[in-house]
Colleague: 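The structure's right below; bear with me while I get my questions together.
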Amino acid sequence: MDGDTLYSIGELARRTGLTVKTIRFYSDRGIVAPTDRSPAGYRLYSIDAVARLDLVRTLRELGLDLPTIRKVVDCELSLPEVAAAHAEALAVQIRVLRQRRAVLTAVAERGSTLEETELMHRLAQLSEDERRRLIGDFLDAVFGGLDAAPAFAGVMRSMTPELPDNPEAEQVQAWVQLAEMSLDPGFRAVVRRMAEDQAAEQTRSDMMGPRRDIAAAVRDQAGPALTTGIDPASPQADPIVAKFTAHYAHLLGRPDDVELRRRLATRLESVNDPRRERYLQLLAVVNGWPAPESLAPVFDWSVQALRVRTQQ
């Protein structure tokens, strides 16, 4: 191309693929100024205008506003600086869109009321500090006064959601549901009761030396029985039940009798509350952890085995 050649606005439109109206618009705003004018007063542009217009079109497609574009093409702002700022702005927009998508998906799936939708929207928009305060309040309600026991420090950490800076829509949706659960007084009472039971067992265990948590002991004993298809009401289940009830009796320092087995059945029913398992599932999604194994079938088997053996 001849660097001295000047082009009319129509010729410039053909070279760039932009409309005459668009080029005139950019020209009127000083973004692509004409180099000269023809004797009839028409605007003429140098070949540099082609490259300038290509840059303008690219920046517009990336979402930059015209005042910023003008500063870039006039070299008042560096393109890397503008790109970094714009990328951060887009990241914020993406987070907002993910939050909105998560709320709308939850509303559609659950048939939520207006009040529930408003709550979900507020929960999705919480800042990191606000999220920490909400979960901190939940953990205080559940473990307050019990967290002196060494075991509870780890339990509290393991129950704390950490939403990443750029969460996926599924993580936002899981966070909203988890936050709703943490505000539910009924769920708080259930988890508090489990924590108190565990604290009492832990205190006794500390006096007698380290002992496995009863839920872990039941899982280890009843899990294989469930896998091999042993009927919880059958005689084949007797030695299995005897092993984990003996563990519980030793844990509490009480005899392995009908009363203790009933108490254990009630304890396992509490641990087997589906809301607890749902919380752990949502927690895994929010934190990007592997999905936890469901222990509901093992606890169901164990409770049934205990109830059958404590009927009068």
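Only this structure's heavy atoms are used, side chains among them; waters, hydrogens and symmetry mates stay out. Along the sequence shown, residues are numbered consecutively beginning with 1.
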Colleague: First locate atom CG of Leu53, then atom CD1 of Ile23, and finally report the distance between them rounded to the nearest 0.5 Å.
Modeller: 5.5 Å

Colleague: First locate atom CG of Asp257, then atom CZ of Arg263, and finally report the distance between them rounded to the nearest 0.5 Å.
Modeller: 11.0 Å

Colleague: Is there a donor-acceptor pair under 3.5 Å between the side chain of Gln177 and the backbone N or O of Ala174?
Modeller: no

Colleague: Are the side chain of Gln171 and the backbone N or O of Glu168 linked by a donor-acceptor pair below 3.5 Å?
Modeller: yes

Colleague: Count I, L, V, M, F, W, Y as connected when their side-chain heavy atoms are under 4.5 Å apart, and connections chain through other members. Are Trp175 and Val285 then in the same cluster?
Modeller: no

Colleague: Give, for atom CG of Leu18 and atom CZ of Phe25, the distance between the pair rounded to the nearest 0.5 Å.
Modeller: 12.5 Å

Colleague: With a 4.5 Å limit on heavy-atom distance, are the side chains of Arg52 and Asp74 in contact?
Modeller: yes

Colleague: Might you work through the salt bridge (Lys or Arg N to Asp or Glu O under 4.0 Å) test for Arg188 and Asp137, ending with a clear yes or no?
Modeller: CA-CA 11 Å; Arg188 289 188 176 201; Asp137 179 67; 2.8 Å; yes

Colleague: Quick check on the hydrophobic clustering: are Tyr42 and Leu12 connected, directly or via other members, by side-chain heavy-atom contacts under 4.5 Å?
Modeller: no

Colleague: Taking the side chain as C-beta and beyond, is there a heavy-atom pair between Tyr45 and Ile9 under 4.5 Å?
Modeller: yes

Colleague: Is there a donor-acceptor pair closer than 3.5 Å between any side-chain N or O of Arg219 and the backbone N or O of Gly223?
Modeller: no

Colleague: Report the C-alpha separation of Met159 and Arg276 in whole Å, then their side-chain angles, then the decisive distance to 0.1 Å, and conclude whether the side chain to side chain contact (heavy atoms under 4.5 Å, CB included) test is met.
Modeller: CA-CA 11 Å; Met159 292 184 67; Arg276 170 186 173 274; over 6 Å; no

Colleague: Side chains of Asp197 and Ile214, heavy atoms from C-beta outward: is any pair under 4.5 Å?
Modeller: no

Colleague: Establish whether Met194 and Leu295 are linked, either directly or via other cluster members, by ILVMFWY side-chain heavy-atom contacts under 4.5 Å.
Modeller: yes

Colleague: Do you know the tightest heavy-atom contact between Arg70 and Arg29?
Modeller: NH1-O, 2.9 Å

Colleague: Working to the nearest 0.5 Å, report the span between CG of Leu226 and CZ of Phe299.
Modeller: 12.0 Å

Colleague: Is the shortest heavy-atom distance from the side chain of Pro232 to the side chain of Val308 under 4.5 Å?
Modeller: no

Colleague: Give the minimum heavy-atom separation between Ser270 and Arg193, together with the two atoms involved.
Modeller: OG-NE, 4.1 Å

Colleague: Applying side chain to side chain contact (heavy atoms under 4.5 Å, CB included), run through Trp301 and Ile230 and close with a yes or a no.
Modeller: CA-CA 9 Å; Trp301 188 96; Ile230 295 177; 4.3 Å; yes

Colleague: Under a 4.5 Å cut-off applied to non-hydrogen side-chain atoms, are Val286 and Val172 in contact?
Modeller: no

Colleague: Could you walk me through whether Glu201 and Leu252 pass side chain to side chain contact (heavy atoms under 4.5 Å, CB included), step by step?
Modeller: CA-CA 6 Å; Glu201 294 165 7; Leu252 297 183; 3.9 Å; yes

Colleague: With ring-ring contact (aromatic ring centres under 6.0 Å, His included) as the test, would you mind laying out the steps for Phe138 and Tyr279 before giving the verdict?
Modeller: CA-CA 12 Å; Phe138 165 67; Tyr279 183 96; 5.6 Å; yes

Colleague: Quick one: do Gln236 and Asp231 satisfy side chain to side chain contact (heavy atoms under 4.5 Å, CB included)? Show the steps, please.
Modeller: CA-CA 8 Å; Gln236 289 81 2; Asp231 186 338; over 6 Å; no

Colleague: Search all heavy atoms of Arg262 against all heavy atoms of Thr310 and return the closest pair with its distance.
Modeller: NH2-O, 2.9 Å

Colleague: How close do Arg309 and Ser234 get, heavy atom to heavy atom, and via which atoms?
Modeller: NH2-O, 2.8 Å

Colleague: Can a salt bridge be assigned to the pair Glu11 and Arg15 using a cut-off of 4.0 Å between side-chain N and carboxylate O?
Modeller: no

Colleague: Count I, L, V, M, F, W, Y as connected when their side-chain heavy atoms are under 4.5 Å apart, and connections chain through other members. Are Phe143 and Leu280 then in the same cluster?
Modeller: yes

Colleague: Transitively linked via ILVMFWY side-chain contacts under 4.5 Å: Ile94 with Leu163?
Modeller: no

Colleague: Evaluate Arg43 against Ser27 for side-chain hydrogen bond (donor to acceptor under 3.5 Å, both in side chains), listing each step before the verdict.
Modeller: CA-CA 9 Å; Arg43 289 179 258 205; Ser27 184; 3.2 Å; yes

Colleague: Determine the minimum heavy-atom distance between His247 and Ala217, stating which atoms define it.
Modeller: CD2-CB, 3.6 Å

Colleague: Start with the C-alpha distance between Arg131 and Glu162, add both sets of side-chain angles, then the distance that settles salt bridge (Lys or Arg N to Asp or Glu O under 4.0 Å), and finish with yes or no.
Modeller: CA-CA 9 Å; Arg131 291 195 301 270; Glu162 296 286 350; over 6 Å; no

Colleague: Is there side-chain contact between Val190 and Asp273, with at least one heavy-atom pair below 4.5 Å?
Modeller: yes

Colleague: Do Arg57 side-chain atoms and Thr16 backbone N/O form a donor-acceptor pair below 3.5 Å?
Modeller: yes

Colleague: Looking at Arg307 and Glu269, is there a salt bridge between them, counting it only when a charged N and a carboxylate O are closer than 4.0 Å?
Modeller: yes

Colleague: What's the spacing between Leu59 CG and Thr68 OG1 if we round to 0.5 Å?
Modeller: 9.5 Å

Colleague: Could you tell me if the side chain of Thr160 sits less than 4.5 Å from the side chain of Asn287, heavy atoms only?
Modeller: no

Colleague: Identify the two heavy atoms, one from Ala284 and one from Pro290, that lie closest to each other, and give their separation to 0.1 Å.
Modeller: CB-O, 3.6 Å

Colleague: Given Arg132 and Glu128, is the salt bridge (Lys or Arg N to Asp or Glu O under 4.0 Å) satisfied, shown in steps?
Modeller: CA-CA 6 Å; Arg132 288 185 179 278; Glu128 181 179 355; 3.4 Å; yes

Colleague: Quick one, Pro161 and Leu283 - any side-chain contact, counting heavy atoms below 4.5 Å?
Modeller: yes

Colleague: Could you measure the distance from the OG atom of Ser294 to the CG atom of Asn272? Nearest 0.5 Å is fine.
Modeller: 8.0 Å

